[in-house]
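Chain letters run A, B, ... following the sequence lines, proteins first and then strands; every chain starts at 1.
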Amino acid sequence: MLGLSLFWEYRAILFQGMLINLLIFALSSTVGLTVGLVACVGRLSPFTLLRTASAGYIEIGRSIPEFVLLIWVNNVMPVALSAIVGERIRFNPILSATIALGAVASGYFAETFRAGIQAVPRGHVEAARALGMRTPQILRRIVLPQAIRVMLPELMSQNIGLLKTTTLVSVIAVPDIMYQVGIIGQQEMKPLPLYTGTAIAFFLVIFALTTLVDRPASQLQRS
Amino acid sequence: MEFWTRTIVANTGPLLEGLRLTLLVSTIAFLVAAATGLVICLLRIYAPPLRLMLSAYIAFCRNTPIFVQLLWVAYAWYDIFAWPKDVFTAAWVALALQSSGYLAETFRAGFESVPHGHVEAAYALGMGRFGALRRIVAPQMLLTMAPALMNQFIVIVKCSTLVSVIAVPDLMFQAIRLTNIWGEPVPILTFVAVVFVILIISLSAASKKLTDRLRARMAT
Amino acid sequence: MSVMAAVHPSERAESDVVSNAEPSLAIRVVGLNKSFGDVPVLRGISFDLSRGQVLSIIGASGSGKSTLLRCLNYLERPTSGDVWIAGYPLTFATDRNGSRRNPTAARIARVRAEVGMVFQQFNLWPHMTVAQNVMEALIQVRKLPTKEARSRAEYYLAKVNMLDAAERYPSRLSGGQQQRVAIARALSMEPQIMLFDEATSSLDPELTAEVLAVMRLLAKDGMTMVVVTHEMAFAREVSDRVMFLHGGLIEEDGLPSVVFTNPRSERCKQFLSKFLG
């Protein structure tokens, strides 16, 4: 009835598209985590300027719709950079995707890092200090282990969200799964099985990931 | 710089129209999603045999990327059901579909957050089930859920930017269209990006204010 | 009266006839059993309580005290056995043919309007002010017009000394204040019986006194009260009758002076020794 056979027929090329999604996910997640960590440190720093700038960056990252930033990075950034550098610059769409999705993700990750660190009760740090421990030790042995326990479930959940947003990149001509579906759809004039198949495929993958994440997450919370 | 300002000013008409459509499609999607979520929540409580099916529905809505859902509704549904007939409908249907899953969970959390003791106190005073639901449970639910509801609206506004892909003339669509006409990506796209950021930040700030006020009122 | 007569003689228990002819009985409980799943919590409890009497129920946790109390206003549904409130059957109804049925929701609500309950957790509604909390049932259940509900609420709030807090929200009040408002809320319905479910157990010791003072006042005014409590001093000084519950059974039942100084049950002795030294 659903005629998913068409989806099955093209599975090789669709799978390749999915790999592109995973690639972009891996890249933007890395960027997001790194920049997010930096932004978080800046946010918690005692220097007002750094703190405000970081807070501003995080706020914008969390507020801007991914799609808007994607288009902007792909179309405006190269032009702006060209003007500055003097040479004609063009962005590889995968680069644009990585920057845009990574930037938005960094905003969310930064907040998660901050929540994790601030979740460690002050008393624990004070007790460590009272015992004569120095800051790096305290960070490593007291703060980080507890913070990670709080952060990990949320980070995993946010990463799954990031995986979902990689589906956007087809609009800037990245040959991901949605892009392939679009092409095949035009060729075959049969959108139904392809889009339904893709929806189901994504559902199964994301659902599996979410379920995998939930169990250790609740275990972490319980301990 | 001056050229850019002129470009933006010259195009205020279409841009405003785009913004109106963004807000319109977001609002309709939110209301439909909230109604659907409420119905699902009630069904889960009062119609136990449907629970599995409803949980599957919620799981599907939450775990499928919005972009996939959008194209699926816009292109595949028309193939089977001959509906939705226009892209605007496809847009709010897809957005509502995605959010109905989250909102169903939000309503459930809200419902369960009302301490059973409050309901018992109502019963002990002679109130019936419906009276207690109406006067005690529903108000508390709404107060608890208000931040989550506002948050979901903000999510919908952010997702609504995608509908430009299926040619719904929202703000993003106008921005891209004008960019193609004028050949000048920088001023228009940057302006629209800034507009979106300001819009979302304002909504978030309002939501935060609301949350703080409610928390102060209801804190025990 | 005719309803009672229509019950087949062989089915008519003695209590059916008696309760209807005893308007002075505030509460009658006959053979009350309650199990949660397989676990029996109340085993065949029977007792009568006359109007104006104050009954204190004491016992260890898990003895079934709260469950018994909650059966009296049907917040717990008895597994078997019957309860009459002011001569009116709570746990069953008789239909036109005279056969027993489960009580309707309307009947339960009607009885509950005559039985006030004060909870351990106060259970004030946080989204309403103190005054609104007290007025709510007056408007919804007693169907009073707002003005009348308002003046009645103010009267009872004044009685528990909480009138100045009328426009405040419960979250701003201390535990003792909240509990006093809860008492006002129950009282304003002008019930025939007041039930107290460990009303002071959630309170800090300093705040317990103010609530007990209100309860003493109520007792002095002649309210029929059933009080589940750990406050032995209160039970001893204010009640007309004390019941010691253990394992779902009434092990001791009598005057406070007797129960507290010379109980027959060994378990009761042990229980009291923990409190009275």
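- The distance from atom CZ of A/Arg62 to atom CD1 of B/Ile201, rounded to the nearest 0.5 Å, is 10.0 Å.
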Please step through side-chain contact (heavy atoms from CB on, under 4.5 Å) for the pair A/Val68 and B/Met172, ending with a clear verdict.
-> CA-CA 7 Å; A/Val68 173; B/Met172 208 44 204; 3.6 Å; yes
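- Looking at every heavy atom in both residues, A/Ser63 comes nearest to B/Lys158 through O-CE, 3.8 Å.
- B/Thr161 OG1 to A/Glu66 CD: the interatomic distance, rounded to the nearest 0.5 Å, is 8.0 Å.
- Heavy-atom neighbours of B/Tyr46 OH from other residues, nucleotides or ligands within 6.0 Å: above the threshold of 12.
- Note on A/Ile60, A/Val79, A/Thr198, A/Leu168: by heavy-atom pairs under 4.5 Å with chain B, the leading option is A/Leu168.
- At a 4.5 Å heavy-atom cutoff, B/Thr179 makes no contact with chain A through either its backbone or its side chain.
- A distance of 11.0 Å separates CZ in B/Phe67 from OG1 in A/Thr166, rounded to the nearest 0.5 Å.
- Interface remark: of the candidates A/Tyr195, A/Phe202, A/Phe207, A/Trp72, A/Tyr195 forms the most heavy-atom pairs closer than 4.5 Å to chain B.
- If you take CD1 on B/Ile66 and OG1 on A/Thr165, they are separated by 12.5 Å, rounding to the nearest 0.5 Å.
- With rounding to the nearest 0.5 Å, the separation of OH in B/Tyr75 from OG1 in A/Thr196 is 14.0 Å.
- For A/Arg90, the CZ atom is loosely surrounded, since the number of other residues' heavy atoms within 6.0 Å does not exceed 12.
- No more than 12 heavy-atom neighbours from other residues, nucleotides or ligands sit within 6.0 angstrom of CD on A/Gln186.
- Note that CG of A/Leu194 and CG of B/Leu71 are 11.5 Å apart. Values are rounded to the nearest 0.5 Å.
- Interface remark: B/Val165 contributes side-chain atoms only to the contact with chain A (heavy atom separation under 4.5 Å).
- Of the atoms belonging to A/Thr167, heavy atoms from both backbone and side chain fall under 4.5 Å from chain B.
- In B/Phe191, the CZ atom is not crowded: 12 or fewer heavy atoms of neighbouring residues, nucleotides or ligands sit closer than 6.0 Å.
- Counting heavy-atom pairs under 4.5 Å between each of A/Lys164, A/Glu59, A/Met178 and chain B puts A/Lys164 at the top.
- Other residues, nucleotides and ligands contribute over 12 non-hydrogen atoms within 6.0 Å of the OH atom of A/Tyr108.
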